Number of protein chains: 2
Amino acid sequence: MNATDLERRRNSILETIVESYVTTATPVGSKLISRKLGQSLSSATIRHVMGELEREGLLEQPHTSAGRVPTDLGYRVYVDAVMCTRRPSAEEVRQLAAVLGQDELDLEPALERAASILSQMAQQAAFVVAPTVTQGRVRQIELVPLGVRKMLCVLVADEEMIASHVIDIEESITRDEVGSLVRFLNTELTGLPFDHLLGSLERRLLAETDSFYHMVKRSLEILQHVRSTEPDERLFLDGTSYVIAQPEFRRDPRKAHALLKCLESEDALLPSLRQITVGRRVQVRIGPEVQLAGFDECSCVAATFSIGGQAVGSVGVLGPKRMDYRSLRTLVDGMAQSMTEWLHGGASI
Amino acid sequence: MNATDLERRRNSILETIVESYVTTATPVGSKLISRKLGQSLSSATIRHVMGELEREGLLEQPHTSAGRVPTDLGYRVYVDAVMCTRRPSAEEVRQLAAVLGQDELDLEPALERAASILSQMAQQAAFVVAPTVTQGRVRQIELVPLGVRKMLCVLVADEEMIASHVIDIEESITRDEVGSLVRFLNTELTGLPFDHLLGSLERRLLAETDSFYHMVKRSLEILQHVRSTEPDERLFLDGTSYVIAQPEFRRDPRKAHALLKCLESEDALLPSLRQITVGRRVQVRIGPEVQLAGFDECSCVAATFSIGGQAVGSVGVLGPKRMDYRSLRTLVDGMAQSMTEWLHGGASI
DNA sequence: GTTAGCACTCTAAATATTAGAGTGCTAACG
DNA sequence: CGTTAGCACTCTAATATTTAGAGTGCTAAC
């Protein structure tokens, strides 16, 4: 038997161990593997290989007389080099997109639903991180006077991202002034990204000679308020109850509590989730790789969805390290694709 | 010793048992009570009384040689007839309101914060149920054209309740038409409750002779879309992780899971929560009284907050039956009052 | 390279043991 | 009559003890 054959066998043994452990949550022994591999190899041989895999740090034993369990590295190798995930079929993507789009939802409820559907299909906690108006190209601004010193500012950006904020203004303002302010703002923006718009106004304010000085000042006042109030991204999280149904957390309620606490804190979660989806395709982060306190026993499978080839947000699942990476990668990939599709079709204007 | 003295003693024994059990989560025995009551009564006498209380269904024993635990009825009597809650002081209410109002938040984030603060102070899950524009008096409507067949409808109601919806319209519409539609709508509403507005338009549509027939039709199309899309109330829930930290749920993770599942389903939760806060002041619902599947081991303390004397929403905590009803009643009361106060001060325009 | 056999290890489940917390009852006391 | 000390009794929860068996590594033979 040559070297690549041997390598292939090792892989298939690792694969079988991981997949068996993922479904049963029980350390797996040599006999079981031998059986699963169709008795083509005796348990003694398997034991041999398992010994090697352990020495290389891919497996470990909870105790001497137990079967083996994959280590973080074991999962890593399984995900990167062993398991073969298929890409979701066009049909699957279409179906997901259909569910997303049915009832012609607005953007926000649709994203919420995406998280909900994903969590249900994955039987794991699922999230969607989506950009807000401050990350998009502003297409329209409307100001609704609510009194002399108060107004509602409605911002519409591409892809139906909408934000509205109540703003207190320093100097009182008349209806007519509001009208011309709106006209000024809307000629000014012409599809500019929010921050560009803000920047260009700031520069104009510095050049004090500007004939629209007052307009610029007022506009800035409003937009800066929006900038500081509106978060840069929104998080939709669903299915957290699935997580604590997992046996690893049933056995240890303290871990379950720590995890839930962590999932409750949007502020802690967002940076980690953002950092995960740097690459293009589906990303898998195992245990400590997630870089989130209290998450060492958990993994994350995430992917980005895009608009015009530009990644704008991410979807993914969160669950115990012992998760079905193979199916989940396909599923998350599909969900991300269908969201991309949906954003181009239903939601774009 | 006369009858009222005896009654008073029974009450103080029940009180001590409940409050001890609430803090320790351990069945309480006669000796402990005797000690807590300053040895004024021997454990034998306490045992006597406890026997009575058990026969009356206020207490029960998990098993023969354990102490006693309050029954649902026991808690009920404790809450209704025994414990004395103080009302929150004006100072406490003021402080809570200050925290709510700081940073001059918009309505929605303030409600979210209210739930968050309450859950933190109570160390229990906390909720806020708040009305949406469809429950308020509409003060302003703005339409933002997003294309020939699409527009954004922004509704502003009292107390800064705001909703925006993207609406597809059947017949294409020009900018000028939108302008006159907005003018028509805004003269029409004049602070009417949403449903009245809808009703009056519906009636006008039936009288087909109306000179504004087309306006009315278009307005209805828009408002009906809002009616069917916008929920009647919004739920803010926070601190669910506190619930599963409670010993009763640590011991039985299945219960914890069932409960979390239940808390995740907004649709199931809302009707129950709505029904709780029918009365005026703070309401306490114990176990099955909450009338919610999977909630038999939990209780709810809730109160309404109001605008102009009219209850519009509710705040409360959710936790195990073994909760500190006394402090929580004061706390929830205070939070409700401060929200009422805040709605009158900061938020109203 | 593969495998049967075997001695060895360690756990998890089953069983036995024990300490003690709490009870109800009784009889005595003021 | 209400109160209380005393006592036998019950039941649990914690702690040992035993046991069955799953899984291992090693060895020697194929």
Side-chain angles (χ1 to χ4, degrees), chain A residues 1-14 16-17 20-21 24-56 58-71 247-248 250-252, chain B residues 1-14 16-17 20-21 24-56 58-71 247-248 250-252:
Chain A
M1 188 181 276
N2 65 38
T4 60
D5 275 350
L6 249 166
E7 184 63 21
R8 202 172 296 149
R9 192 178 69 183
R10 283 164 40 92
N11 281 352
S12 97
I13 287 174
L14 178 61
T16 314
I17 291 172
S20 163
Y21 182 63
T24 64
T26 319
V28 336
S30 52
K31 227 184 282 181
L32 180 68
I33 298 301
S34 166
R35 226 180 303 130
K36 289 220 176 193
L37 255 33
Q39 313 274 23
S40 57
L41 263 3
S42 83
S43 69
T45 313
I46 306 283
R47 271 204 294 285
H48 218 68
V49 181
M50 285 169 98
E52 284 176 40
L53 290 172
E54 177 160 6
R55 255 164 276 132
E56 291 165 33
L58 305 190
L59 298 179
E60 65 187 349
Q61 286 182 283
H63 50 262
T64 335
S65 81
R68 257 87 169 198
V69 162
T71 61
E248 29 271 88
R250 302 201 150 198
R251 274 174 217 145
D252 190 344
Chain B
M1 186 180 280
N2 65 37
T4 59
D5 274 350
L6 250 165
E7 184 63 22
R8 202 173 297 150
R9 192 178 70 183
R10 285 163 40 90
N11 280 351
S12 96
I13 287 173
L14 177 61
T16 315
I17 291 172
S20 164
Y21 182 62
T24 65
T26 320
V28 336
S30 52
K31 227 183 282 180
L32 180 67
I33 298 301
S34 166
R35 226 180 303 132
K36 290 221 174 193
L37 255 33
Q39 313 273 26
S40 57
L41 263 3
S42 83
S43 70
T45 312
I46 305 284
R47 271 204 294 283
H48 219 67
V49 181
M50 284 170 98
E52 284 176 39
L53 290 172
E54 176 159 8
R55 256 164 275 131
E56 291 166 35
L58 306 190
L59 298 178
E60 66 187 348
Q61 288 182 282
H63 51 261
T64 334
S65 80
R68 257 87 168 196
V69 163
T71 61
E248 29 272 87
R250 300 203 152 199
R251 273 173 219 148
D252 189 345

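Side chains are part of it too, since the values below use all heavy atoms of this structure and drop only hydrogens, waters and symmetry mates. Given the structure is predicted, the values throughout are model-derived calculations rather than measurements. Letters A, B, ... are given to chains in the order of the sequence lines, protein chains preceding strands, and every chain is numbered from 1.
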Check whether any side-chain heavy atom of [X] sits under 4.5 Å from a side-chain heavy atom of [Y], and report yes or no.
{"X": "A/Arg68", "Y": "A/Pro27", "result": "no"}
{"X": "A/Asp252", "Y": "A/Glu248", "result": "no"}
{"X": "A/Arg10", "Y": "A/Ile13", "result": "no"}

Rounding to an integer number of Å, can you tell me how far [X] [atom1] sits from [N] [atom2]?
{"X": "B/Arg55", "N": "C/dC25", "atom1": "CZ", "atom2": "P", "result": "8 Å"}
{"X": "A/His63", "N": "C/dA12", "atom1": "NE2", "atom2": "P", "result": "5 Å"}
{"X": "B/Glu52", "N": "C/dG24", "atom1": "CD", "atom2": "P", "result": "12 Å"}
{"X": "A/Glu54", "N": "D/dC26", "atom1": "CD", "atom2": "P", "result": "11 Å"}
{"X": "A/Gln61", "N": "D/dA22", "atom1": "CD", "atom2": "C1'", "result": "12 Å"}
{"X": "B/Ile46", "N": "D/dA5", "atom1": "CD1", "atom2": "P", "result": "12 Å"}
{"X": "B/Arg251", "N": "D/dT12", "atom1": "CZ", "atom2": "C1'", "result": "14 Å"}
{"X": "A/Ile33", "N": "D/dG23", "atom1": "CD1", "atom2": "P", "result": "10 Å"}

For this session: Any strand is fair game: report the nucleotide pairing with D/dT24 by Watson-Crick or G-U wobble, both distances under 3.5 Å, or none.
Result: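 For D/dT24, the partner nucleotide comes out as C/dA7, under the 3.5 Å rule.
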Problem set entry | Watson-Crick or G-U wobble mate for D/dA29, both contacts under 3.5 Å |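 Across all strands, the one nucleotide that pairs with D/dA29 is C/dT2.
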Compare side-chain N and O positions of [X] against OP1 and OP2 of [N] and report whether any pair is under 4.0 Å apart.
{"X": "A/Arg47", "N": "C/dT2", "answer": "no"}
{"X": "B/Ser30", "N": "C/dT23", "answer": "yes"}
{"X": "A/Thr45", "N": "C/dT3", "answer": "yes"}
{"X": "A/Thr64", "N": "C/dC10", "answer": "yes"}

Exercise. What's the verdict on side-chain contact (heavy atoms from CB on, under 4.5 Å) for B/Ile17 and B/Met50, showing C-alpha distance, side-chain angles and the deciding distance?
Worked result: CA-CA 10 Å; B/Ile17 291 172; B/Met50 284 170 98; 3.9 Å; yes
Exercise. For B/Ser43, which contact category applies under a 4.0 Å heavy-atom criterion: base, sugar-phosphate, or nothing?
Worked result: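 Nothing, no nucleic acid heavy atom in range.
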Exercise. Of the non-hydrogen atoms in B/Leu41 and B/Ile46, which two are nearest, and what is the gap between them?
Worked result: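 In this case the closest contact between B/Leu41 and B/Ile46 is CB-CD1, 4.0 Å.
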Problem set entry | Minimum-distance pair of heavy atoms, taken over all atoms of B/Pro70 and B/Leu59 |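 Looking at all heavy atoms of both residues, the closest pair is CA-CD2, 3.9 Å.
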Of the listed nucleotides [options], the one nearest the side chain of [X]:
{"X": "A/Arg68", "options": "D/dT12, D/dG25, C/dG1", "result": "D/dG25"}
{"X": "A/Arg9", "options": "C/dT2, D/dT12, D/dT10", "result": "C/dT2"}
{"X": "A/Ser65", "options": "C/dT11, D/dA5, C/dA21", "result": "C/dT11"}
{"X": "A/Met50", "options": "C/dT23, D/dT24, C/dT2", "result": "D/dT24"}
{"X": "B/Ser42", "options": "D/dT4, D/dT12, C/dT11", "result": "D/dT4"}

Problem set entry | Closest-nucleotide 5' rank along DNA chain D - winner of B/Pro62 and A/Ala66 |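 Closer to the 5' end of DNA chain D: B/Pro62.
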